[in-house]
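Heads up: the structure comes next, in structure tokens.
Indexing begins at 1, ligand by ligand and atom by atom, following the structure's order. Here the structure is a predicted model, which is why all the values come from computation and not from measurement.
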Amino acid sequence: MSLSGKVALVTGAGQGIGRGIALRLARDGADIAIVDINGSNMEKVAGEVVALGRKATIFRADVGDRAQVYAAVDHAESALGGFDVMINNAGIAAIGPIASVTQEEVDRLVRINMEGVLWGIQAAAAKFKARGQKGKIVSASSVAGHDGFAMLGIYSATKFAVRGLTQAAAREYASDGITVNAYCPGIVGTDMWVTIDRRFSELTGVPLGATYAKYVEGIALGRPETPDDVAALVSFLAQTDSDYITGQSIITDGGLVYR
Ligand SMILES: NC(=O)C1=CN([C@@H]2O[C@H](COP(=O)(O)OP(=O)(O)OC[C@H]3O[C@@H](n4cnc5c(N)ncnc54)[C@H](O)[C@@H]3O)[C@@H](O)[C@H]2O)C=CC1
Ligand SMILES: CC(=O)C(C)=O
């Protein structure tokens, strides 16, 4: 329970990896602010956090909107009485060849995957400094942020950008006692992969399920990743055992990409 008495905010916490992180940090003792653009699942996740004996609050926000991210951080502090950990998890994918990428698609991906992390880092660090305390910031990159994936080119570029922001922010905030790191999952069986698999099938004609199966075959440990696998790394990066680690984007993928 080494997050006892801490407050953590998780973006994109209504489902998938974000939900897994919210529940893991609650099991580790933290009270949780659940933030998502989609209101439909947040109450359910809040109920799961409360069932684990922790406090929960929900806040609807678009991470691509700077003012909304600042408002989410303020809400977490006032509803839960503190602010210690920021998890910039929310993200979206777009699938297709570089040749047909549109301006609108690029703008949407950059706004959510890159700016969403930027505003999260900025708002959390400002809050830690205003409170005169240390803090932990952990953001979602991907193995596609270490290795450019075909048909996921712009998505990969935004995940490389998360690594760059993580390194720069780690250097800028180190003297404030704030660590900034990222987690890089591999092939996690969430709705994001249902969408990726379906779009590959539509674009290339391969049967539904074939793309997911092909990627899972490449995992040395022989199974797809779960949100709990990702949450175990995020929990470590949110706790004091990782105090001497900053600016890193750590791969957790069962042995798919080696860096
Ligand atoms: N599923 C996978 O295999 C991998 C996922 N990731 C990253 O992990 C993170 C979570 O992914 P999943 O849980 O798989 O995705 P998901 O699609 O299952 O869930 C994403 C959540 O983020 C929320 N969200 C989307 N746009 C938002 C916005 N503008 N503001 C606030 N919330 C927003 C959605 O409503 C949803 O609840 C993403 O950043 C993704 O890029 C990284 C590597 C692999
Ligand atoms: C969605 C994603 O980041 C990968 C690599 O599957």
Side-chain angles (χ1 to χ4, degrees), residues 9-24 33-45 58-69 71-72 87-95 107-120 123 138-163 166 182-200 211-216 218-219 223-231 233-234 249-254 256-257:
L9 184 161
V10 185
T11 68
Q15 66 178 50
I17 294 171
R19 170 179 169 271
I21 293 169
L23 299 184
R24 171 62 195 251
I34 295 151
V35 176
D36 206 293
I37 198 170
N38 177 351
S40 55
N41 296 320
M42 285 196 288
E43 288 284 5
K44 185 164 171 284
V45 179
I58 64 173
F59 193 84
R60 200 163 173 172
D62 174 356
V63 297
D65 182 314
R66 183 176 184 270
Q68 291 185 36
V69 176
I87 312 294
N88 296 308
N89 168 75
I92 57 166
I95 299 92
D107 291 348
R108 189 156 171 268
L109 258 82
V110 167
R111 184 172 173 279
I112 296 172
N113 292 1
M114 201 276 279
E115 293 181 30
V117 169
L118 169 61
W119 307 142
V138 189
S139 308
S141 177
S142 166
V143 288
H146 284 270
D147 198 6
F149 276 45
M151 307 286 271
L152 284 165
I154 309 312
Y155 174 83
S156 294
T158 63
K159 295 300 184 178
F160 271 75
V162 170
R163 290 178 51 216
T166 299
Y183 53 99
C184 302
I187 311 301
V188 191
T190 65
D191 281 2
M192 181 174 278
W193 251 101
V194 173
T195 306
I196 294 172
D197 183 76
R198 191 184 60 242
R199 284 293 292 151
F200 262 88
T211 307
Y212 182 67
K214 187 188 89 180
Y215 276 102
V216 170
I219 300 173
R223 65 166 175 84
E225 188 163 12
T226 66
D228 284 349
D229 293 322
V230 182
L233 171 62
V234 174
S249 294
I250 300 173
I251 293 178
T252 163
D253 69 352
L256 176 69
V257 163

Which residue holds the protein heavy atom closest to [atom], what is that atom called, and what is the gap in Å?
atom                    : answer
atom 5 (C) of ligand 2  : Ser142 OG, 3.4 Å
atom 15 (O) of ligand 1 : Met192 CB, 3.7 Å
atom 35 (O) of ligand 1 : Asp36 OD1, 2.5 Å
atom 1 (N) of ligand 1  : Thr190 OG1, 3.2 Å
atom 2 (C) of ligand 2  : Tyr155 OH, 3.4 Å
atom 6 (O) of ligand 2  : Trp193 NE1, 2.8 Å
atom 17 (O) of ligand 1 : Gln15 NE2, 3.6 Å
atom 20 (C) of ligand 1 : Gly91 O, 4.1 Å
atom 8 (O) of ligand 1  : Ile17 CD1, 3.6 Å
atom 41 (O) of ligand 1 : Tyr155 OH, 2.6 Å
atom 25 (C) of ligand 1 : Ile92 CG2, 3.9 Å

### Query
Nearest heavy atom to atom 43 (C) of ligand 1: which of Ser142, Gly116, Cys184 does it belong to?
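Looking at heavy atoms only, the winner is Ser142.
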
So is [X] close enough to ligand 1, meaning a heavy atom under 4.0 angstrom away?
X      : result
Lys159 : yes
Gly186 : yes
Ser141 : yes
Ala61  : yes

Between the main-chain N or O of [Y] and the side-chain N or O of [X], is there a donor-acceptor pair closer than 3.5 Å?
X      : Y      : answer
Thr11  : Asn89  : yes
Gln68  : Asp62  : yes
Lys159 : Gly148 : no
Asn113 : Ile92  : yes
Arg19  : Gly14  : no

Kindly give the heavy-atom pair with the smallest separation between [X] and [Y], and that separation in Å.
X      : Y      : answer
Val10  : Gly18  : CG1-O, 3.7 Å
Tyr183 : Asn88  : OH-O, 4.2 Å
Pro224 : Ile219 : CA-CD1, 4.1 Å
Val162 : Ser141 : CG1-CB, 4.0 Å
Met192 : Ala93  : CE-N, 3.8 Å
Ala61  : Ala72  : CB-CB, 4.5 Å

Under 4.0 Å from any heavy atom of [X], which atoms of ligand 1 are there?
X      : answer
Ile112 : 29 (N)
Trp193 : 2 (C), 3 (O)
Ala140 : 39 (O)
Ala90  : 31 (C), 32 (N), 33 (C), 39 (O)
Asn38  : 35 (O)
Pro185 : 42 (C), 43 (C), 44 (C)

Using 0.5 Å steps for rounding, measure from the [atom1] atom of [X] to the [atom2] atom of [Y].
X     : Y      : atom1 : atom2 : value
Asp36 : Arg60  : CG    : CZ    : 8.5 Å
Asp65 : Glu115 : CG    : CD    : 10.0 Å
Arg24 : Ile17  : CZ    : CD1   : 15.0 Å

Is the shortest N/O to N/O distance between [X] and ligand 1 below 3.5 Å?
X     : result
Gly16 : no
Val63 : yes
Asp62 : yes

### Message
Applying a heavy-atom cut-off of 4.0 Å, say which part of Val188 lies close to ligand 1: side chain, backbone, both or neither.
### Response
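It is both parts that get close, each with some atom under 4.0 Å.
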
### Query
Side chain or backbone of Asn113 under 4.0 Å from ligand 1, or both, or neither, by non-hydrogen atoms?
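No part of Asn113 comes within reach of ligand 1.
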
So is [X] touching ligand 2 or not, going by heavy atoms under 4.0 Å?
X      : value
Ile196 : yes
Gly186 : yes
Tyr215 : no

### Task
Say whether Asp228 and Thr226, considering side chains only, have a donor N or O and an acceptor N or O under 3.5 Å apart.
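Thr226 and Asp228 do not have a side-chain donor-acceptor pair below 3.5 Å.
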
Atoms of ligand 2 close to [X] [distance to a heavy atom under 4.0 angstrom, numbered from 1]:
X      : answer
Val143 : 5 (C)
Ile187 : 6 (O)
Met192 : 1 (C)

### Task
Given side chain to side chain contact (heavy atoms under 4.5 Å, CB included), test Tyr212 with Ile187 step by step and report yes or no.
CA-CA 8 Å; Tyr212 182 67; Ile187 311 301; 3.5 Å; yes

### Message
Please evaluate residues Tyr155 and Ile95 with respect to the criterion side chain to side chain contact (heavy atoms under 4.5 Å, CB included), reporting the C-alpha separation (whole Å), side-chain torsions for both, the decisive distance (0.1 Å), and the verdict.
### Response
CA-CA 8 Å; Tyr155 174 83; Ile95 299 92; over 6 Å; no

### Message
Does the plane of the ring in Tyr215 sit parallel, tilted or perpendicular to the ring in Phe200? Use 30° and 60° as the thresholds.
### Response
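Perpendicular: the ring planes of Tyr215 and Phe200 meet at over 60°.
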
### Task
Could you please spell out the steps behind the side-chain hydrogen bond (donor to acceptor under 3.5 Å, both in side chains) verdict for Gln15 and Thr190?
CA-CA 8 Å; Gln15 66 178 50; Thr190 65; over 6 Å; no

